[in-house]
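Below is one structure, written out as structure tokens, with a few remarks after it.
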Amino acid sequence: MTGRLIHTGQVILDLVMRVKGLPPVGGDVFASHTDLQPGGGFNVMAAAARAGAEVVYAGGHGDGRFGDLARAALAAEGITAALPPAPGADTGICVVLVDGTGERTFVTGSGAESSVDAAALAAVPVTAADVVYVSGYSLLVPDKAAVLLDRLENLDGPTVLVDPGPLVGEIDIAAWSRLLERTSILSTNAREARILTGETDRWDASAKLARRVPASAAVIVRDGAAGCLVTRDGTTTHVPGIPVEAVDTTGAGDAHCGVLAAELLRGTDLAAAATRANAAAALAVTRPGPATAPTRAEVDLLLATTTS
């Protein structure tokens with residue numbers, strides 16, 4: 001690998017609570033398990049680092065106790081925090097409710113990760129060998145969106161990997177259009193693809209999304225155990241997934257994006273990278289918690305046992 005994954009999104013803390021089902025309005029339920037872990041953009045970066053990539057976090061983080069926890073978690077994975085802590089602010093927190101089926105629901109309280117200093121971001125070196133990861137969440141705050149989009153439009157040559165996120169329907173249309181113009185790979189789940197296109201068929205949605213990005217770009221539509229679709233050069237290909245018994249789907253898409261980025265940094269072609277990303281996501285959902293991406297060796301083993 002000669003390049004790095006440069007993550008421009010948000011690291012937050014996840015308060016994960018396992019419940020039988022979501023409470024009704026005004027109601028209450030007891031959690032069978034509670035844990036406080038780094039989440040958000042951390043999940044993507046941890047996945048890439050465990051797959052062997054050099055990773056840089058170019059997002060914000062606070063100087064309070066949550067910021068301390070986030071920085072410690074980044075350091076434990078070998079991830080470099082490129083920006084200094086934001087004085088007088090703390091890192092945000094997200095409540096993650098995981099129900100009896102493994103599905104998750106989020107409530108997020110934002111913090112220092114929602115803003116970024118333009119001069120500090122511009123000082124982070126980026127080369128054509130790098131993969132720059134952009135989260136749709138970054139476009140939900142107008143000031144951060146403007147800084148990030150200006151920076152992206154002045155970069156020369158890196159692969160820009162975009163993950164819209166579940167709130168993509170709330171992103172300003174002009175900001176989203178600017179981001180698509182700079183996108184190299186758009187990786188979205190099936191729900192987000194429907195929101196973006198209005199198409200219920202994922203094949204149609206993938207093809208429609210491919211017409212909205214540059215001609216040289218690719219679109220990936222992730223669909224859980226079904227694997228993903230890859231659309232490039234006017235052709236859509238199905239990359240099969242690996243069925244597993246899901247314990248917790250939190251972070252599956254993050255594991256997919258992180259491993260995809262790591263493989264692209266290795267020079268792996270897109271279809272093979274998507275195959276490994278599918279395997280990583282399959283392993284991730286068999287484990288409770290948000291940052292459950294496997295190591296590269298674990299992906300090797302799963303692929304060896306499922307293709308032999």
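Every value quoted in this text rests on a predicted model; they were computed, and no experiment measured them. Positions are given from 1 along the sequence.
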task: Report the distance from atom CG of D163 to atom CG of N189, rounding to the nearest 0.5 Å.
output: 7.5 Å
task: Show your reasoning for whether side chain to side chain contact (heavy atoms under 4.5 Å, CB included) applies to L155 and R151.
output: CA-CA 7 Å; L155 293 177; R151 179 65 175 134; 3.4 Å; yes
message: Could you tell me if the side chain of T8 sits less than 4.5 Å from the side chain of L152, heavy atoms only?
response: no
- line: Correct closest heavy-atom pair for A225 and P243 would be CB-CA, 4.3 Å
- prompt: Side chains of T231 and S206: is there a donor and an acceptor less than 3.5 Å apart?
  reply: yes
message: Show the nearest heavy-atom pair for residues D156 and P158, with the distance to one decimal.
response: C-CD, 3.3 Å
query: Backbone N or O of A190 within a donor-acceptor pair of the D223 side chain at under 3.5 Å?
result: no
task: First locate atom CZ of R222, then atom CG of L229, and finally report the distance between them rounded to the nearest 0.5 Å.
output: 12.0 Å
message: Could you go through E113 and Y57, starting from their C-alpha distance and side-chain angles, then the distance that decides it, and tell me whether this counts as side chain to side chain contact (heavy atoms under 4.5 Å, CB included)?
response: CA-CA 11 Å; E113 74 286 344; Y57 175 48; 4.1 Å; yes
query: Does a donor on one side chain sit under 3.5 Å from an acceptor on the other, for D233 and T235?
result: no
query: Would you say L36 and D14 make side-chain contact, with heavy atoms under 4.5 Å?
result: no
query: Does CG in D269 sit with more than 12 non-hydrogen atoms of other residues, nucleotides or ligands closer than 6.0 Å?
result: yes
query: Does a salt bridge link D201 with K208, judged by any charged N lying under 4.0 Å from a carboxylate O?
result: no
field: Rounded distance [0.5 Å steps], CG in L283 versus CD1 in I242
entry: 7.0 Å
message: Between E153 and R182, does any NZ, NE, NH1 or NH2 come within less than 4.0 Å of an OD or OE carboxylate oxygen?
response: no
- prompt: Between V29 and K20, is any pair of side-chain heavy atoms under 4.5 Å apart?
  reply: no
message: Using side-chain heavy atoms (C-beta onward) and a distance below 4.5 Å, is D300 in contact with R276?
response: yes
- prompt: Under 4.5 Å between side-chain heavy atoms, hopping through other hydrophobics if needed: is there a path connecting L121 to V141?
  reply: no
field: Sidechain-backbone polar pair: N278 side chain, P240 backbone, donor-acceptor under 3.5 Å
entry: yes
- request: Assess the side chains of Q10 and S138: does a donor N or O sit below 3.5 Å from an acceptor N or O?
  value: yes
task: List the atom of A262, the atom of A51, and the distance in Å for their closest heavy-atom pair.
output: CB-CB, 3.6 Å
field: Donor-acceptor pair, side chain of D130 and main chain of R4, under 3.5 angstrom
entry: yes
field: N/O donor-acceptor pair under 3.5 Å between R50 side chain and A293 backbone
entry: yes
- line: Interatomic distance, CZ@R194 vs CG@L196, rounded to 0.5 Å, equals 11.0 Å
- request: Quick one: pull up CG in L186 and CZ in R212 and give me the separation to the nearest 0.5 Å.
  value: 10.0 Å
- prompt: Checking side chain to side chain contact (heavy atoms under 4.5 Å, CB included) for the pair L264/I185: CA distance, chi angles, key distance, verdict?
  reply: CA-CA 11 Å; L264 294 175; I185 300 174; 3.3 Å; yes
field: N-O pairing of E298 and R287 below 4.0 Å
entry: yes
Least distance between heavy atoms, G62 atom then T91 atom: N-OG1, 3.0 Å
Linked, directly or transitively: V132 and L83 (ILVMFWY side chains, under 4.5 Å): yes
task: Measure from the side-chain N and O atoms of N43 to the backbone N and O of T292, and report whether any donor-acceptor pair falls under 3.5 Å.
output: no
- request: Check for a donor-acceptor pair, side chain of D150 on one end and backbone N or O of V147 on the other, with a separation under 3.5 Å.
  value: no
- request: Specify the closest pair of heavy atoms between I171 and G136, including all atoms of both residues, with the distance to one decimal.
  value: CD1-O, 3.5 Å
- request: Quick one: do L74 and M45 satisfy side chain to side chain contact (heavy atoms under 4.5 Å, CB included)? Show the steps, please.
  value: CA-CA 8 Å; L74 290 169; M45 290 187 283; 3.8 Å; yes
query: Can you find a heavy atom in the side chain of P23 that is under 4.5 Å from one in the side chain of D28?
result: no
field: Close side-chain approach of V116 to L148, heavy-atom, < 4.5 Å
entry: no
task: Group every Ile, Leu, Val, Met, Phe, Trp and Tyr by side-chain heavy-atom contacts under 4.5 Å, then state whether F42 and L13 land in the same group.
output: no
Salt bridge present between E263 and R296 (N-O < 4.0 angstrom): yes
- request: Flag the pair P142 / D172 as yes when at least one side-chain heavy-atom distance between them is below 4.5 Å, and no otherwise.
  value: no
query: What about V131 and I220, same hydrophobic cluster or not, with Ile/Leu/Val/Met/Phe/Trp/Tyr joined at side-chain heavy-atom distances under 4.5 Å?
result: yes
- request: Look at the side-chain heavy atoms of Ile, Leu, Val, Met, Phe, Trp and Tyr, link any pair under 4.5 Å apart, and say whether L179 and I195 land in one connected group.
  value: yes
message: For H7 and Y133, take the angle between the two ring planes, folded into 0 to 90°, and tell me which bin it lands in: parallel under 30, tilted 30 to 60, perpendicular over 60.
response: parallel
Spacing of OH belonging to Y137 relative to CD1 belonging to I12, to within rounding of 0.5 Å: 7.5 Å
- request: Give a yes or no on whether the backbone of V221 and the side-chain of T188 come within a donor-acceptor separation of less than 3.5 Å.
  value: no
Minimum-distance pair of heavy atoms, taken over all atoms of D90 and G67: OD1-N, 2.8 Å
- request: Could you tell me whether the side chain of L97 reaches within less than 4.5 Å of the side chain of L22, counting heavy atoms only?
  value: yes
